[in-house]
Amino acid sequence: MKLTSEQVKQTVNQLGAQVLPDEHPAMPQLNSMFGEHTFFVDETGLKVLEPTPSLGAERQTGEVVSLADWSDADLTRLMAHEPEPTGVIVVFEHVRQLTIAGREGRSDRRGRPPP
């Protein structure tokens, strides 16, 4: 699942994981092995999100799936394994799109535009 920048922020906040930027040197290899995803790493290894049934029109969710574990104490080498659902669900808060004077803008949960 490829995430929007807002979904990445929400995932990082909920998981405490770090996102691998699209410019990371490992991205071509990860994309060829696992497909187009937004990849995250944490203290246990490499993760992605897979879509789950929605909780309603206001929220989307994704389940954290483990793709690889760290194989060294320095957290520099990953050992890929079969995808393993972790049971951890990330809930994305809905961010409404506003049209203001012909321009689109984002709003917070209360419908206010950003400063």
Side-chain angles (χ1 to χ4, degrees):
M1 177 174 178
K2 195 76 171 158
L3 303 180
T4 66
S5 59
E6 185 61 34
Q7 289 171 324
V8 168
K9 287 179 195 173
Q10 292 180 32
T11 301
V12 167
N13 286 339
Q14 291 180 51
L15 293 182
Q18 295 180 352
V19 67
L20 284 181
D22 289 336
E23 307 79 37
H24 192 280
M27 288 304 284
Q29 182 179 8
L30 293 174
N31 284 329
S32 71
M33 290 176 67
F34 304 111
E36 287 285 320
H37 287 280
T38 302
F39 294 94
F40 296 89
V41 290
D42 64 11
E43 68 278 354
T44 63
L46 181 69
K47 311 284 192 287
V48 295
L49 293 182
E50 290 294 341
T52 57
S54 180
L55 297 175
E58 291 296 312
R59 295 184 176 177
Q60 286 183 303
T61 60
E63 181 173 14
V64 179
V65 175
S66 175
L67 299 176
D69 296 330
W70 295 113
S71 62
D72 66 333
D74 295 326
L75 308 181
T76 59
R77 294 181 185 222
L78 288 165
M79 177 69 69
H81 53 71
E82 289 297 315
E84 298 173 357
T86 64
V88 175
I89 303 295
V90 173
V91 178
F92 300 116
E93 295 295 326
H94 182 67
V95 178
R96 292 189 352 212
Q97 288 286 342
L98 295 178
T99 302
I100 302 171
R103 294 181 9 193
E104 287 188 359
R106 293 200 178 267
S107 65
D108 66 13
R109 283 185 245 165
R110 294 184 189 118
R112 297 179 302 206

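None of these values were measured; they are calculated from a predicted model. Values below: every heavy atom of this structure, side chains too, minus hydrogens, waters and symmetry copies.
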So, the side chain of Thr61 versus the backbone of Pro53: is there a donor-acceptor pair under 3.5 Å, distance only? yes
Here the gap from Thr38 atom OG1 to Leu20 atom CG, rounded to the nearest 0.5 Å, amounts to 10.0 Å
Enclosure of Gln18 CD (heavy-atom neighbours >12, cutoff 6.0 Å): no
Closest non-hydrogen atom pair between Ala68 and Ala80, with its separation: CB-CA, 3.7 Å
Could you check whether any side-chain N or O of His37 sits under 3.5 Å from a backbone N or O of Phe39, counting only pairs where one atom can act as donor and the other as acceptor? no
Check whether Trp70 and Val65 end up in the same hydrophobic cluster, where Ile, Leu, Val, Met, Phe, Trp and Tyr are linked by side-chain heavy atoms less than 4.5 Å apart. yes
Donor on one side chain, acceptor on other, Glu6 and Gln10, under 3.5 Å: yes
Distance col, row Leu67:CG vs Phe40:CZ, nearest 0.5 angstrom, shows 12.0 Å
Would Asp69 and Arg77 satisfy salt bridge (charged side-chain N to carboxylate O under 4.0 Å, His left out), going step by step from the backbone distance to the final call? CA-CA 8 Å; Asp69 296 330; Arg77 294 181 185 222; over 6 Å; no
Distance col, row Phe92:CZ vs Leu3:CG, nearest 0.5 angstrom, shows 5.0 Å
Path from Leu30 to Val12 over hydrophobic side-chain contacts below 4.5 Å: no
Contact summary for Gly62 and Leu49, nearest pair of heavy atoms: O-CD2, 4.1 Å
Under 3.5 Å, side chain of Gln29 to main-chain N/O of Ala26, donor-acceptor pair present? no
In terms of hydrophobic clustering (I, L, V, M, F, W, Y; side-chain heavy atoms under 4.5 Å; direct or indirect links), are Val48 and Val19 co-clustered? no
Using the rule that two of Ile, Leu, Val, Met, Phe, Trp, Tyr join whenever any of their side-chain heavy atoms come within less than 4.5 Å, decide whether Val64 and Phe34 are in one cluster. no
Any pair with a residue in residues 28-46 that passes salt bridge (Lys or Arg N to Asp or Glu O under 4.0 Å), sequence neighbours left out, goes on the list, sorted by first then second residue, please. Asp42-Lys47
So which atom in Thr86 and which in Ser66 form the shortest heavy-atom distance, rounded to 0.1 Å? CG2-N, 4.0 Å
Please report the closest heavy-atom contact between Ser71 and Met79, naming both atoms and the distance. CB-CB, 4.1 Å
Rounded to the nearest 0.5 Å, the NZ atom of Lys2 sits from the CG atom of Asn31 at a distance of 6.5 Å
Give a yes or no answer on whether the side chain of Glu63 reaches the backbone of Ile89 with a donor-acceptor pair at less than 3.5 Å. no
